[in-house]
Novice: 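Starting off with a structure, shown below.
Index from 1, following the sequence. Computed from a prediction, not measured in an experiment: that's the story for all the values here.
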Amino acid sequence: MLRISTRSVPKTKISITSQRLFSSTQLWNAEKAKHDVVVIGGGPGGYIAAIKAAQLGYNTACVEKRGSLGGTCLNVGCIPSKALLNNSHLYHQMKHDSKQRGIDIQGSVDLNIAQFQKAKDTIVKQLTGGIEMLFKKNGVKYYKGLGSFESETEIKVSPVEEIEGTVKEETILSADNIIVATGSEVTPFPGITIDEERIVSSTGILSLKEIPKKLAIIGGGIIGLEMGSVYSRLGSEVTIIEFQPAIGATMDQEVATATQKFLKKQGFQFKTSTKVMGATRDGDKVNVEVEGVKDGKKETIEADVLLVAIGRRPYVQGLNAEKIGLDVDKRGRLVIDSKFQTKFPHIKVIGDVTFGPMLAHKAEEEGVAAVELIKTGHGHINYGNIPSVMYSHPEVAWVGKTEQELKNDGISYKIGKFPFVANSRAKTNMDTEGFVKILIDSETERLLGAHIIGPNAGEMIAEAGLALEYGASAEDIARVCHAHPTLSEAFKEASLAAFNKPLNF
């Protein structure tokens with residue numbers, strides 16, 4: 001378990017005067033403004049850091065250039081994609097799965113793509129607007145504009161012409177503490193031009209106006225597989241092109257193999273160990289040139305839409321970090337120490353723009369820890385206990401160590417598995433694909449990792465996270481009474497299987 005240092009650092013004096021002079025709802029027309037904490041970026045890490053700082057009594061400002069808060073996650077990532085995943089799953093169930101459940105649907109089940117997209121956009125608008133309300137509630141001053149370093153203690157906020165409500169003129173913010181949370185952007189594919197019409201990024205794929213007959217996806221990670229799931233359910237022929245020999249990136253290998261098998265049953269085509277040589281648009285078609293990594297075999301894949309989903313990279317454009325000499329590593333990430341500090345102790349960096357997994361919940365936890373470090377000199381992040389979830393069907397979720405990691409580290413372990421086909425709730429729901437797999441230390445039987453592929457995996461993984469955080473053993477988990485019938489009983493049974501024998505399989 002990794003813990004942030006608890007060594008004492010000087011506390012920052014709160015500027016009571018500035019709190020009295022400027023209310024959170026007042027228009028800010030002054031050329032210069034003073035704050036205790038200025039956060040650059042209004043994504044999950046940034047807005048949480050700003051709210052936490054205000055709750056701890058700091059005069060706090062947040063600068064965001066997008067025009068709506070929530071960052072990539074709420075605007076063009078986690079939230080809109082989950083809306084599409086949920087609604088496409090409902091559509092697919094009604095169209096293909098209702099009869100066996102005794103539900104007769106009179107007439108056809110049709111997709112209204114305009115309303116389908118509108119439902120997603122409505123949710124996004126509600127949630128991003130909700131953050132503005134939280135800012136007002138907690139007294140965070142919100143600046144719409146581009147934030148950049150003017151000096152080590154000053155942030156310049158510049159107008160962004162296309163954004164409604166942007167600052168009218170350049171404003172200089174003076175800050176005792178600065179938190180950089182500028183997030184990440186889509187990683188481009190060399191030689192492929194994204195037009196967000198036929199060749200799209202993870203942003204463009206969220207807003208297609210028609211369902212492509214053939215969808216090709218470069219990248220077999222979470223984004224590619226989730227978006228493939230959406231459009232496969234809506235009728236697209238989906239082809240995943242992955243350079244590595246397996247999909248799933250950081251998944252446990254056994255789980256990744258099972259996931260690929262389930263997605264194949266749903267109609268996915270997979271071309272693993274395949275290198276993309278280029279892609280060109282020809283009218284309403286896209287031709288993707290590929291080559292086998294091992295055999296060098298060349299092939300052209302024709303698609304109506306090509307999604308480029310090879311990951312994300314840190315976003316520092318316009319930050320002017322070089323002006324004050326902030327260090328950047330070879331992956332473009334801002335360099336920090338264990339206290340999130342740059343070379344300047346009062347400038348901290350959190351979220352996608354620095355090290356670690358690019359996950360919204362990781363950024364949120366760092367936002368809280370960074371502010372607590374400012375206030376008290378100590379904060380805590382357990383980087384060995386950050387869950388990941390893929391919202392396909394079945395869902396895939398994992399936390400802690402994978403089998404391959406334990407083998408590489410030379411750690412002796414035992415496995416406990418329990419299939420959902422033997423779980424009462426999964427049976428009654430007619431949703432039995434997948435299993436729970438837990439990994440425990442051979443000697444102490446302490447939980448080391450948990451991997452779930454199956455219904456509601458993203459919700460169930462929280463139990464594993466709690467057990468990991470408190471060092472629970474498999475027996476500890478198994479002796480906790482789980483309600484019946486629930487899917488969570490599969491987690492209990494997997495724990496029983498790890499140190500003894502399951503009762504229901």
Novice: Do you see a donor-acceptor pair shorter than 3.5 Å between the side chains of Lys407 and Gln404?
Specialist: no

Novice: Is Lys156 positioned over the aromatic face of Tyr143, cation under 6.0 angstrom from the ring centre and no more than 45 degrees off axis?
Specialist: no

Novice: Would you mind checking if Asp104 and Lys99 are paired as a salt bridge, meaning a charged N to carboxylate O distance below 4.0 Å?
Specialist: no

Novice: Are Glu237 and Lys213 close enough for a salt bridge, meaning some N to O gap below 4.0 Å?
Specialist: no

Novice: Taking atom NZ of Lys275 as the centre, report whether more than 12 heavy atoms of other residues, nucleotides or ligands fall under 6.0 Å from it.
Specialist: no

Novice: Any ion pair linking Glu366 and Lys362 (charged N to carboxylate O, less than 4.0 Å)?
Specialist: yes

Novice: Among residues two or more places apart or on two chains, list those pairs meeting side chain to side chain donor-acceptor pair (under 3.5 Å) that have a residue in residues 347-361.
Specialist: Ser184-Asp352

Novice: Quick check: are there more than 12 heavy atoms from other residues, nucleotides or ligands sitting under 6.0 Å from CG of Asn112?
Specialist: yes

Novice: So, do His92 and Asp97 sit near enough that their side-chain heavy atoms are less than 4.5 Å apart?
Specialist: no

Novice: If you measure only the distance, is there a donor-acceptor pair under 3.5 Å linking the side chains of Gln244 and Thr272?
Specialist: no

Novice: Does any part of the side chain of Ile438, heavy atoms only, come nearer than 4.5 Å to the side chain of Phe491, both counted from C-beta?
Specialist: yes

Novice: Are Ser201 and Glu196 side-chain neighbours, meaning at least one heavy-atom pair lies under 4.5 Å?
Specialist: yes

Novice: Quick test of your reading of the model: are Glu164 and Lys144 salt-bridged, counting only N-O distances below 4.0 Å?
Specialist: no

Novice: Which pair of non-hydrogen atoms, one from Ala258 and one from Phe435, has the smallest distance, and what is that distance?
Specialist: CB-CE2, 4.0 Å

Novice: So how far is it from Glu289 CD to Glu299 CD, rounded to the nearest 0.5 Å?
Specialist: 9.5 Å

Novice: How about Ser88 and Tyr231: do any of their side-chain heavy atoms sit closer than 4.5 Å?
Specialist: no

Novice: Given side chains that start at C-beta, do those of Tyr47 and Glu364 come closer than 4.5 Å, heavy atoms only?
Specialist: yes

Novice: What closest approach, in Å, do Arg331 and Pro314 show between heavy atoms, and which atom pair accounts for it?
Specialist: O-CD, 3.6 Å

Novice: Is it true that atom CD of Gln266 has more than 12 heavy atoms of other residues, nucleotides or ligands lying nearer than 6.0 Å?
Specialist: yes

Novice: So for atom CE, which belongs to Met133, do other residues, nucleotides or ligands contribute more than 12 heavy atoms lying within a distance under 6.0 Å?
Specialist: no

Novice: Quick one: which of Leu85, Leu84, Asn86, Val230 gives a side-chain contact (heavy atoms from CB on, under 4.5 Å) with Tyr391?
Specialist: Leu85

Novice: Would you say CD of Glu210 has more than 12 non-hydrogen atoms from neighbouring residues, nucleotides or ligands within 6.0 angstrom?
Specialist: no

Novice: Under 6.0 Å between the ring centres of Phe149 and Phe344?
Specialist: no

Novice: For Gln317, look at atom CD and say whether over 12 heavy atoms of other residues, nucleotides or ligands are found less than 6.0 Å away.
Specialist: no

Novice: Within the 4.5 Å heavy-atom criterion, are Ile179 and Val371 side-chain neighbours or not?
Specialist: yes

Novice: Ignoring hydrogens, what is the shortest heavy-atom contact between Phe355 and Ile336? Give both atom names and the distance.
Specialist: CE2-CD1, 3.6 Å

